[in-house]
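Below: the structure, in structure tokens.
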Amino acid sequence: MRLLNRSAGRLSRHRRGPLAGVLVIIAGLLLTGGIFTAVVNTTAQADETVSNTEQIAQGRDLFLVSCSFCHGQNGEGIRDEDGDFLGPPLIGVGAAAVDFQVGTGRMPMVQPGAQVPSKPETFDDEETAALAAYVASLGPGPAIPTEDDYSIEGLSDEEREAAITRGGQIFLTNCTACHNFEGSGGAMPHGGYAPNLGETSARHIYEAMLTGPQNMPNFANGNLSPDEKRDVIAYLYSLREMPDYGGFGLGGLGPVPEGMAAWLLGIGLLVGFAIWIAAHTTRTTKKKVDA
Ligand code: HEC
Ligand code: HEC
């Protein structure tokens, strides 16, 4: 009893001390903080599921209006009388394919042709995300990559140098056949073309590799790991920062057109010079004759 009394006394003595006040405040803050986070977390989770269902519903509405007459009411694809796809099935193409196709303005396709070109986007970011969520809900497929996957901003200078070197190698083996050494693009059979990569965003470069649009093969993460994909992005971005070494770049079209230009220019100059010499000598000889 004495002990209790004494400890109670000590407690109350401490309670009156300045330290006790601070401790009580800290404990109170921690407790309310804990409760607050717990509550917020559960509501946030609930919000997420609600907004995901809402997003899919919004995406489906947009899809029915803008996409279903080619891709089918449920993304199952539609064939024309010849048996060719008006729009291929989208089950399992994943959110990444939609983000790429709609984000680069390729979809909704407006007119059939050898290749569906990119154009200013029809849908804003929110609508694109909704369409992607809807198509992703049809069947599992590659998700939209996160900034961690494709962004090269966080790399230190050394990491970036190394990434550019590796990316250049990967690009050389896997992409130059169609896109050229400088990523400036090139013609493909049947009237198609591999586009210039000089302005494609990091996210769309990543998604193009992941989903292989149209005549481009896809480089799934098993073939080309996320790190390797980011290396390729680092390489393509480094080309944009490269200074132009004077003269006409000719768009990096390769040795044949460049050689051709050298010929025409060089020969032209020589011919011009020859004419000048000829004219000059005639004039001087004439003068001599006069004199
Ligand atoms: C006029 C017809 C048409 C319309 C409208 C259309 N598409 Fe397409 N879509 C196509 C065709 C054709 C292809 C195949 C292109 C190719 O691979 O050559 C395609 C391809 C795609 C792909 C790529 C599939 C893959 O395998 O990677 C996606 C994703 C897609 N469309 C989404 C959409 C969405 C979303 C909309 C609506 C906003 C839409 N499309 C509207 C005709 C259409
Ligand atoms: C067989 C030829 C071929 C190969 C190999 C190839 N591509 Fe492509 N690529 C294409 C074609 C064709 C398109 C156009 C597709 C379209 O318009 O939907 C394209 C489109 C792209 C685009 C979209 C560009 C834009 O802004 O519209 C990117 C990015 C891209 N390719 C990157 C790559 C990378 C990186 C590699 C190597 C890992 C690669 N490609 C390998 C043929 C190829």
Side-chain angles (χ1 to χ4, degrees), residues 59-72 75 77-80 84-119 121-123 127-136 138-139 141-142 144 150 167-180 183-220 223-225 228-237 239:
R60 181 169 164 76
D61 289 344
L62 291 171
F63 190 88
L64 288 176
V65 176
S66 306
C67 325
S68 63
F69 52 93
C70 291
H71 290 289
I78 293 185
R79 286 180 193 276
D80 60 16
D84 295 329
F85 273 120
L86 218 54
L90 298 181
I91 298 161
V93 301
V98 179
D99 196 55
F100 175 81
Q101 299 282 348
V102 178
T104 59
R106 285 175 167 79
M107 292 292 143
M109 182 174 107
V110 281
Q111 68 187 82
Q115 185 156 331
V116 188
S118 58
K119 61 179 185 313
E121 313 86 289
T122 314
F123 296 102
E127 293 164 332
T128 307
L131 281 164
Y134 169 64
V135 170
L138 300 174
I144 299 173
Y150 58 76
Q169 288 297 323
I170 299 168
F171 194 82
L172 196 69
T173 8
N174 296 290
C175 326
T176 37
C178 300
H179 287 284
N180 189 315
S184 51
M188 299 273 297
H190 310 299
Y193 58 91
N196 184 322
L197 307 180
E199 287 185 356
T200 316
S201 71
R203 173 161 162 179
H204 290 148
I205 298 174
Y206 195 104
E207 288 172 342
M209 288 187 266
L210 196 60
T211 63
Q214 300 182 66
N215 289 324
M216 174 167 156
N218 82 39
F219 300 85
N223 291 335
L224 212 59
S225 71
E228 288 171 321
K229 288 191 173 71
R230 202 180 48 181
D231 293 344
V232 170
I233 292 169
Y235 170 71
L236 286 172
Y237 270 61
L239 294 179

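If you read the sequence from its start, that first residue is 1, and numbering goes on from there. Both counts, for ligands and for their atoms, begin at 1 and track the order of listing. Here the structure is a predicted model, which is why all the values come from computation and not from measurement.
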Could you please spell out the steps behind the side chain to side chain contact (heavy atoms under 4.5 Å, CB included) verdict for Asp99 and Arg203? CA-CA 9 Å; Asp99 196 55; Arg203 173 161 162 179; 2.8 Å; yes

Under 4.0 Å from ligand 1, counting heavy atoms only, is it the side chain of Leu90, its backbone, both or neither? side chain

Closest non-hydrogen atom pair between Ala96 and Leu210, with its separation: CB-CD2, 4.0 Å

Check Pro213 against Ala208 and note the closest heavy-atom contact, atom names and distance. CD-O, 3.4 Å

Non-hydrogen atoms of Phe69 versus ligand 1: any pair closer than 4.0 Å? yes

Using a cut-off of strictly less than 2.8 Å, determine whether His71 has an N/O/S atom near atom 8 (Fe) of ligand 1. yes

Atoms in ligand 1 with a heavy atom of Phe123 nearer than 4.0 Å: 38 (C)

I'd like to check which ligand 1 atoms, numbered from 1 as shown, lie under 4.0 Å from a non-hydrogen atom of Ser66. 5 (C), 37 (C), 41 (C)

How does Thr122 reach ligand 1, by side chain, by backbone, by both or by neither, if only non-hydrogen atoms under 4.0 Å count? neither

Between side-chain atoms of residues 230-237 and protein atoms elsewhere (two or more places apart, or another chain), which donor-acceptor pairs fall under 3.5 Å?
{"unit_1": "Asp231", "atom_1": "OD1", "unit_2": "Arg166", "atom_2": "NH2", "d": "3.2"}
{"unit_1": "Asp231", "atom_1": "OD2", "unit_2": "Arg166", "atom_2": "NE", "d": "2.8"}
{"unit_1": "Tyr235", "atom_1": "OH", "unit_2": "Phe181", "atom_2": "O", "d": "3.1"}
{"unit_1": "Tyr237", "atom_1": "OH", "unit_2": "Ala202", "atom_2": "N", "d": "3.0"}

Which atoms from ligand 1 have a heavy atom of Ala97 less than 4.0 Å away? 27 (O), 29 (C)

Shortest non-hydrogen pair, Glu207 vs Ile144, comes out as OE2-CG2, 3.6 Å

With a 4.0 Å heavy-atom cut-off, what residues sit around ligand 2? Phe100, Arg106, Gln115, Val116, Asn174, Cys175, Cys178, His179, Met188, Tyr193, Ala194, Pro195, Leu197, Thr200, Ile205, Ala208, Met209, Pro213, Gln214, Asn215, Met216, Pro217, Phe219, Val232

Kindly write out the residues that satisfy side chain to side chain contact (heavy atoms under 4.5 Å, CB included) with Val93, not counting sequence neighbours, or none if the list is empty. Leu90, Ala97, Val135

Kindly say whether Ile78 contributes a backbone atom to a donor-acceptor pair with the side chain of His71 at under 3.5 angstrom? no

Within 4.0 Å of some non-hydrogen atom of Val102, the atoms of ligand 1 are 35 (C)

If you compare all heavy atoms of Phe123 against all heavy atoms of Ser66, which two are closest, and at what distance to 0.1 Å? CZ-OG, 3.4 Å

Check: residues 185-201 side-chain donor-acceptor pairs under 3.5 Å, at least two apart:
{"unit_1": "Asn196", "atom_1": "OD1", "unit_2": "Gly198", "atom_2": "N", "d": "2.6"}
{"unit_1": "Ser201", "atom_1": "OG", "unit_2": "His204", "atom_2": "N", "d": "3.2"}
{"unit_1": "Ser201", "atom_1": "OG", "unit_2": "His204", "atom_2": "ND1", "d": "3.2"}

Below 4.0 Å, non-hydrogen atoms only: which portion of Phe85 touches ligand 1? Side chain, backbone, both or neither. neither

Whether the side chain of Lys229 engages the backbone of Phe219 through a donor-acceptor N/O pair (distance < 3.5 Å, no angle test) should be reported. yes

